[in-house]
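Step one of this worksheet: look at the structure below.
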Number of protein chains: 2
Amino acid sequence: MDAQPEEPVRRRLTRAETKARTRALLLDAAARTFARKGFTGASVEEIAEAAGFSTGALYSNFSSKEALFLELLSDRRRDRLAAAAQALDSHGAGTAEAVTELGRLLVNVADKDIEFAALQAEFWLYAIRNPQVMGALADSARESHQALEGLVAAAMARRGAPERVSAQAVATVVAALFIGLVRQRRVDPDCVSEELFGQALNWLFTGINAEDADGD
Amino acid sequence: MDAQPEEPVRRRLTRAETKARTRALLLDAAARTFARKGFTGASVEEIAEAAGFSTGALYSNFSSKEALFLELLSDRRRDRLAAAAQALDSHGAGTAEAVTELGRLLVNVADKDIEFAALQAEFWLYAIRNPQVMGALADSARESHQALEGLVAAAMARRGAPERVSAQAVATVVAALFIGLVRQRRVDPDCVSEELFGQALNWLFTGINAEDADGD
DNA sequence: GTCTATAGCAGGATAGAC
DNA sequence: GTCTATCCTGCTATAGAC
């Protein structure tokens, strides 16, 4: 017989799919927990419980707490900035006022994922303390950076920025602004209004355009 | 007799001074250790040993690990940025090319104190996870911010920036740039050249000056 | 005021049942 | 593949000697 009553053919989840789902749930819970308690402060039991499993199940899916953390770091789905940027990019970034749009996009990212900044800070601290994983962080950063660079290049083109100014350098500056303003906004929201980021971007891009006249 | 051989009057350190010195040594060791291992990852024994004392001595000077950490946060001597800014400020910031000077100053701070960024990140993470200490972090940030604002105002005046642009807002943007670039430089030094900070500041201040023509 | 010793507890990781 | 129970280590904080 082809069809066995004991094992229905239309079963939705294979064993592998169940395991994959467990892994995904554990990764989600880990992201939340690491963001809230930090790598050292978060316990594996806490993470497992947040996902609805036991520590045994966690260790059956990840070899150690560190392995779980590093998988999060390499997991590109975590990077909302890159995802949002790509979405906006393929959506036609140059149609609206590009710089304003870029500012809005990044503010949205900051507001939507309240744990994003904390988790990034954890990754950064972990990487500077464990040089062997710095490469992984650099790879992850490069992904976001390239997505951002696309947006920046579009904004520069629309504004008619001088060609010799590298979009790569400007993207780095924009990323720095983003990181720094998000961080300060958490400490003192009054100092960092919602519009400040867009305003800073406008100053920046205006200054870049004025490079034409400058010597070097 | 005035002078007692058993207890020389020209003794350098009183008991209070000895204790103050112990406290200072413990605070220094704590700053290094927290920067290298994080608040949760650093053990009090580790800190005490780094200072050349025992855990008992540490607890005789600070009521808990957290109290030690918070004292570091409030300790204004820790803030090299504010100190350097004040030094430069009273030294005459407006004499040289102000923006370039500002860029050099901040790069120096980043290079001189390699642990500065890590410790600041620890403070930030601790504050967002323990709202009751966010006020202390905000106070500390305000100190640096005001020192920076003085420098920024001087640079703006020298460049003839429009009066209606607030030095406070610009100082926030400059601080964000600083934080963000220092952070990225640790991950990928090739992306963040030494000159990039100065260049970004030049773009920024040039763009601000062009505000005159702008609508809003 | 500092040291040694230790109480008391929590967390990472594992073993074996199911 | 997941759960329960547990080992072992390492940590914070304290007590008492000097």
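Just so you know, these numbers use all the heavy atoms, side chains as well, and skip hydrogens, waters and symmetry mates. Below, read A as the first sequence line, B as the second, and so on, with proteins coming before strands; counting in each chain starts at 1.
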> What's the verdict on side-chain contact (heavy atoms from CB on, under 4.5 Å) for A/Leu148 and A/Phe178, showing C-alpha distance, side-chain angles and the deciding distance?
Replying inline: CA-CA 11 Å; A/Leu148 184 60; A/Phe178 178 62; over 6 Å; no

Check whether [X] reaches the backbone of [Y] with its side chain - one donor and one acceptor, N or O, closer than 3.5 Å.
{"X": "A/Lys65", "Y": "A/Phe39", "answer": "yes"}
{"X": "B/Gln184", "Y": "A/Thr172", "answer": "yes"}
{"X": "B/Asp188", "Y": "B/Asp190", "answer": "yes"}

Rounding to a whole Å, what distance do you find between [X]:[atom1] and [N]:[atom2]?
{"X": "B/Phe62", "N": "D/dT14", "atom1": "CZ", "atom2": "C1'", "answer": "18 Å"}
{"X": "B/Arg23", "N": "C/dG1", "atom1": "CZ", "atom2": "P", "answer": "12 Å"}
{"X": "B/Leu25", "N": "C/dT2", "atom1": "CG", "atom2": "P", "answer": "10 Å"}
{"X": "A/Ile47", "N": "D/dC3", "atom1": "CD1", "atom2": "P", "answer": "15 Å"}
{"X": "B/Asn61", "N": "D/dT14", "atom1": "CG", "atom2": "C1'", "answer": "16 Å"}
{"X": "A/Glu49", "N": "D/dT2", "atom1": "CD", "atom2": "C1'", "answer": "14 Å"}
{"X": "A/Glu17", "N": "D/dG1", "atom1": "CD", "atom2": "C1'", "answer": "15 Å"}
{"X": "B/Phe53", "N": "C/dT2", "atom1": "CZ", "atom2": "P", "answer": "6 Å"}

>> Run A/Phe53 and A/Leu58 through side-chain contact (heavy atoms from CB on, under 4.5 Å) and show every step you take.
In response: CA-CA 7 Å; A/Phe53 298 95; A/Leu58 189 152; over 6 Å; no

> With respect to the phosphate group of C/dG1, does any side-chain polar atom (N or O) of B/Thr22 fall under 4.0 Å of OP1 or OP2?
Replying inline: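 Negative; the distance criterion is not met.
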
> Any side-chain N or O of A/Ser60 less than 4.0 Å from the OP1 or OP2 oxygen of D/dG1?
Replying inline: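 No, because none of the side-chain N or O atoms of A/Ser60 sits under 4.0 Å from OP1 or OP2 of D/dG1.
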
N/O to N/O distances under 3.5 Å, protein versus nucleotides 11-14 of chain C:
residue, atom, partner, partner atom, Å
C/dG12, OP1, A/Ala42, O, 3.2
C/dG12, OP1, A/Lys65, NZ, 2.6
C/dG12, OP2, A/Val44, N, 2.8
C/dA13, OP2, A/Tyr59, OH, 2.5
C/dA13, OP2, A/Lys65, N, 3.2
C/dA13, O5', A/Tyr59, OH, 3.3

> Distance from B/Leu70 atom CG to B/Ser140 atom OG, nearest 0.5 Å?
Replying inline: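 So the gap between those two atoms works out to 11.5 Å.
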
> Around atom CZ of B/Arg36, are there more than 12 heavy atoms of other residues, nucleotides or ligands at under 6.0 Å?
Replying inline: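 Count not over threshold, so no.
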
> Would the number of heavy atoms belonging to other residues, nucleotides or ligands and lying under 6.0 Å from CD of A/Glu45 be above 12?
Replying inline: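 Not more than 12 within 6.0 Å, no.
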
Hey, what are the protein-to-nucleotides 16-18 of chain D N/O distances that come in under 3.5 Å?
none

> Parallel under 30°, tilted from 30 to 60°, perpendicular over 60°: which one fits the rings of A/Phe69 and A/Phe123?
Replying inline: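 Tilted.
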
